[in-house]
Amino acid sequence: MRVGRVRQDRQVRQHHRTFRLLGSLLLAAMGASATGAAPAQAASPVPLDRVVPVPASVDPGGSPYRITRDTRIRVDDSRETRRVGEYLAHILRPSTGYRLPVTAHGAGGIRLRLAKGPFGVEGYRLDSGRKGVTITAAGAAGLFHGVQTLRQLLPAAVEKDSVQPGPWLVAGGTIQDTPRYGWRGAMLDVSRHFFTVDQVKRYIDQLALYKINKLHLHLSDDQGWRIAIDSWPRLATYGGSTQVGGGPGGYYTKADYKEIVRYASSRFLEVVPEIDMPGHTNAALASYAELNCDGVAPPLYTGTEVGFSSLCVGKDITYDFVDDVIRELAALTPGKYLHIGGDEAHSTSHEDYVKFMDRVQPLVAKYGKTVVGWHQLTGATPATGALAQYWGLDGTSAEEKAQVAKAAQNGTGIVLSPADRIYLDMKYTADTPLGLDWAGLVEVKRSYDWDPGDYLPGVPSSAIRGVEAPMWTETITKSADIEYMAFPRLAGVAELGWSPASTHDWEGYKVRLAAQAERWEALGIGFYRSPQVPWPTA
Ligand code: ACM
C-alpha cells in the first residue's frame with residue numbers, strides 16, 4: 001500500500017511536465033494522499049470547466065491559487081468595482097474566516113479589474129495562477145459574473161455561513177466567457193401566492209449564482225394585485241388582500257418594490273414588472289366596479305381557473321386606469337421593460353383584444369418603456385421593438401407558431417419560455433408533490449435538452465433574445481417550494497441562456513450539474529434529486 005503510493009507519487013512527478021493540463025490537479029490530489037488528512041476532493045481544485053453555466057472557453061494549466069488569511073480583494077478605484085469586491089468578500093468571509101480586505105492597493109490576491117477587451121457588457125476573463133486570480137471585464141456586470149464563476153471554482157463549503165477548514169484552492173488557467181443571450185430570465189408569480197421582499201431576495205441570490213439577469217415579477221392576476229398604485233389605492237389594499245386558497249395575500253408598498261429593484265440591481269438583475277391585461281384582471285375588477293362593463297364588481301377570487309376576467313375594452317376609464325398604473329410602475333422601475341401580459345384573454349373578443357393592445361402599447365412607450373407581452377400579443381400588432389414571450393408547447397398549433405414566426409420576421413424579439421420545457425412549476429414526475437402538469441411532466445433532461453436557437457420553426461435566430469423560466473405559484477407557497485421546483489431545472493435554463501450552443505451536451509452537463517448538489521446543500525436549498533443526474537452519494 002505504502003510502496004504503491006510512493007510509486008504513484010513518483011510517476012506523477014515524472015509526468016508532470018508532459019501533462020501540464022492535469023498537473024495542478026494531480027499534485028493537489030497527491031498532497032492530500034501524502035498527508036492523509038483532508039479528503040482528496042477538498043484538496044483538489046474544482047476543474048475550470050465544472051461550472052454551470054459552462055464557460056465559453058476554458059484553458060486549464062499551471063499552479064492553483066490558494067486563498068489564505070493574507071489574501072486581499074483588489075479592486076480598481078471605482079465605486080462599481082468596489083461594490084463587486086465587497087459582494088465577493090461577503091460570500092467568502094463567513095466560511096473562510098479570513099478578513100479579505102477590499103482594497104485598491106497591494107499585489108497578488110484576487111483582483112477585479114476593468115479593461116477594454118472582447119468581453120461585451122456581461123463577459124469576463126478569469127486568470128488563475130500561483131500568485132493570484134484576476135477577473136477582467138469591461139464593466140461591473142462582467143466582474144460580477146466572473147465572481148460567480150470564481151465561487152463555483154471554490155469548494156462548495158465556501159457557501160456555508162460558519163468557518164470551514166478549506167483549503168481554498170482555485171485551479172490554475174484561464175476562462176474566457178461571454179453570454180449567448182442578453183435575456184436570461186426567471187419569472188416569479190407573486191399573485192397566486194404572495195412572497196415577501198425577503199423571499200424574493202433569497203430567490204434573487206440563487207438566480208445570481210447562475211448568471212440570470214432578468215427578474216420578471218408577475219405582479220397582478222385574478223387572485224391578487226401586489227403593487228401599491230397611489231392613484232388607485234384599492235388595487236393593493238383590497239385587490240391584494242387574498243390569494244389562491246384564501247390566505248391573506250399581501251402587496252408591495254412602493255418602498256418594498258424599490259428595495260426589490262435595488263437588491264436585484266446589486267446582483268445585476270433587471271426587474272421586469274408585469275401587469276397582466278386585459279385578462280387575468282379579476283383582482284382589479286373586484287377593487288373598482290367602474291372598470292367592469294356592467295359596473296358591478298365581482299367578488300375576490302381564490303381559485304385557480306383562468307380566462308374568465310377582462311378589463312372593459314370599450315370604456316375610456318379603462319385607459320385612464322392603465323395609464324395611471326403604467327405611469328406609476330414605470331416611475332418605480334429603472335429597467336427598460338414593462339410586461340403587459342396579454343395571455344389567456346379568453347373573455348375578450350379578438351377584435352377587442354387587438355383594440356386594447358393598440359391603445360395600451362403606446363402608453364408603455366409614453367412612459368419610456370419597451371413592451372413585453374406573452375406571445376398572444378403577436379395576434380395583435382406588436383409595437384416597434386416589442387418582445388413576445390413564447391410559452392407554447394410541442395403541441396401548440398402550427399398556426400400559432402407561424403403567427404409568432406411572422407412577428408419575429410417583422411422585428412418582434414422573442415423570449416423563449418416553452419411550458420413543456422422550462423415552466424418551473426410543472427411536475428418533474430407524476431409523484432412530484434407540488435406543481436401542475438397541464439404542459440406535461442418535465443424531468444431535468446427534458447428541461448435542458450433543447451436548443452433555443454432552432455426551437456421555433458421560421459423564427460430567425462437573430463430574433464431570439466434569450467430564455468426565461470417562469471415559476472407560477474398556484475401550488476407554491478414558500479421558499480422551500482420555489483427551490484424544490486427550481487433546482488435543478490433552473491441551472492439548465494441558465495446554461496441554455498449563457499453557454500454557446502457548441503457546448504450543449506447532456507452527458508457532460510449532468511456531471512457538472514451533479515457537482516452543484518453540495519453547493520445547494522451548503523446554501524440550504526432543498527432540490528429534487530432526479531434519478532437522471534449522477535448525484536454524489538452522501
Ligand atoms: C401563461 O402561462 N398563461 C403565460
Side-chain angles (χ1 to χ4, degrees), residues 191 216-222 225 227 229-232 234-235 239 272-298 306-333 335-389 391 400 403-404 406-408 410-415:
S191 177
H216 168 182
L217 288 175
H218 185 76
L219 289 169
S220 70
D221 212 303
D222 292 317
W225 185 284
I227 178 72
I229 300 293
D230 296 338
S231 50
W232 297 75
R234 267 174 65 82
L235 291 170
V272 180
E274 177 187 356
I275 300 297
D276 201 348
M277 308 178 270
H280 289 279
T281 42
N282 188 78
L285 296 168
S287 303
Y288 288 97
E290 59 268 44
L291 294 177
N292 296 270
C293 284
D294 63 4
V296 178
V306 298
F308 59 87
S309 56
S310 180
L311 291 174
C312 188
V313 172
K315 274 188 167 178
D316 280 341
I317 193 172
T318 295
Y319 305 96
D320 296 339
F321 162 78
V322 173
D323 188 299
D324 287 336
V325 169
I326 290 177
R327 173 174 48 79
E328 291 194 35
L329 192 52
L332 293 172
T333 304
K336 182 175 173 199
Y337 301 99
L338 206 145
H339 200 308
I340 56 172
D343 59 321
E344 295 174 315
H346 305 320
S347 299
T348 317
S349 70
H350 177 69
E351 189 192 357
D352 274 359
Y353 183 86
V354 173
K355 215 184 287 177
F356 180 83
M357 288 303 179
D358 281 351
R359 279 189 76 170
V360 165
Q361 292 183 92
L363 299 177
V364 176
K366 175 178 167 189
Y367 295 110
K369 301 300 178 190
T370 297
V371 168
V372 188
W374 297 105
H375 76 260
Q376 283 71 24
L377 178 64
T378 61
T381 311
T384 304
L387 304 184
Q389 184 171 6
W391 62 282
E400 192 168 332
Q403 175 190 289
V404 174
K406 185 153 171 273
N410 289 332
T412 299
I414 306 294
V415 174

Revision key, fill the gap. Residues passing the side-chain contact (heavy atoms from CB on, under 4.5 Å) test with Ala345, sequence neighbours excluded, are Pro278, Thr348, Tyr353

Exercise for review: Quick one: sort the Trp374 and Trp391 rings into parallel, tilted or perpendicular, breaks at 30° and 60°.
Suggested key: perpendicular

Check your understanding: What residues, two or more places apart in sequence or in another chain, satisfy salt bridge (charged side-chain N to carboxylate O under 4.0 Å, His left out) together with Lys355?
Key -> Asp352

Practice item. Measure the shortest side-chain to side-chain distance between Met277 and Met357 over non-hydrogen atoms and say whether it is less than 4.5 angstrom. Key: no

Revision key, fill the gap. Quick note, salt bridge (Lys or Arg N to Asp or Glu O under 4.0 Å) partners involving residues 335-351, not counting sequence neighbours, are none

Review point. Would you find a donor on one side and an acceptor on the other, under 3.5 Å apart, between the side chain of Ser310 and the backbone of Gly279?
Key: no

Check your understanding: Rounded to the nearest 0.5 Å, how far apart are NZ of Lys369 and NE2 of His339?
Key -> 15.5 Å

**Study point:** Residues forming a side-chain hydrogen bond (donor to acceptor under 3.5 Å, both in side chains) with Asp230, sequence neighbours excluded
**Key:** Lys254

Point to revise | Residues forming a salt bridge (charged side-chain N to carboxylate O under 4.0 Å, His left out) with Asp222, sequence neighbours excluded | key: none

Donor-acceptor pairs are to be reported for all side-chain atoms of residues 378-386 against protein atoms at under 3.5 Å, with residues two or more places apart or in another chain.
residue	atom	partner	partner atom	Å
Thr378	OG1	His375	O	2.6
Thr378	OG1	Gln403	NE2	2.8

Check your understanding: Under 4.5 Å between any side-chain heavy atoms of Val322 and Arg359, yes or no?
Key -> no

Review point. Could you give all pairs that pass the salt bridge (Lys or Arg N to Asp or Glu O under 4.0 Å) test and reach residues 274-294, with sequence neighbours left out?
Key: none

Review point. Are side-chain heavy atoms of Leu377 and Thr412 found at a separation under 4.5 Å?
Key: no

Review point. In chain order, what residues pass the salt bridge (charged side-chain N to carboxylate O under 4.0 Å, His left out) check against Asp324, with sequence neighbours excluded?
Key: Arg327

Point to revise | Set of residues satisfying salt bridge (charged side-chain N to carboxylate O under 4.0 Å, His left out) with respect to Lys366, sequence neighbours excluded | key: Asp323

Review point. Of Leu329, Ile340, Leu235, which is the lone residue that meets side-chain contact (heavy atoms from CB on, under 4.5 Å) with Ile275?
Key: Leu329

Point to revise | Check: Lys315 side chain, Leu291 main-chain N or O, donor-acceptor pair, under 3.5 Å | key: no

Review point. Can you tell me if Trp225 uses its side chain to pair, donor with acceptor, with the backbone of Ile227 under 3.5 Å?
Key: yes

**Study point:** Residues that Thr333 engages under side-chain hydrogen bond (donor to acceptor under 3.5 Å, both in side chains), provided they are two or more places apart
**Key:** Tyr257

Review point. When you measure from the side chain of Tyr337 to the backbone N and O of Pro273, does any donor-acceptor pair fall under 3.5 Å?
Key: no

**Study point:** side-chain hydrogen bond (donor to acceptor under 3.5 Å, both in side chains) partners of Thr318, counting only residues at least two apart
**Key:** none

Point to revise | Inter-residue atom distance Arg234.CZ - Tyr288.OH, 0.5 Å rounding | key: 7.0 Å

Review point. What pairs with Ser231 under side-chain hydrogen bond (donor to acceptor under 3.5 Å, both in side chains), at least two apart in sequence or on another chain?
Key: Glu328

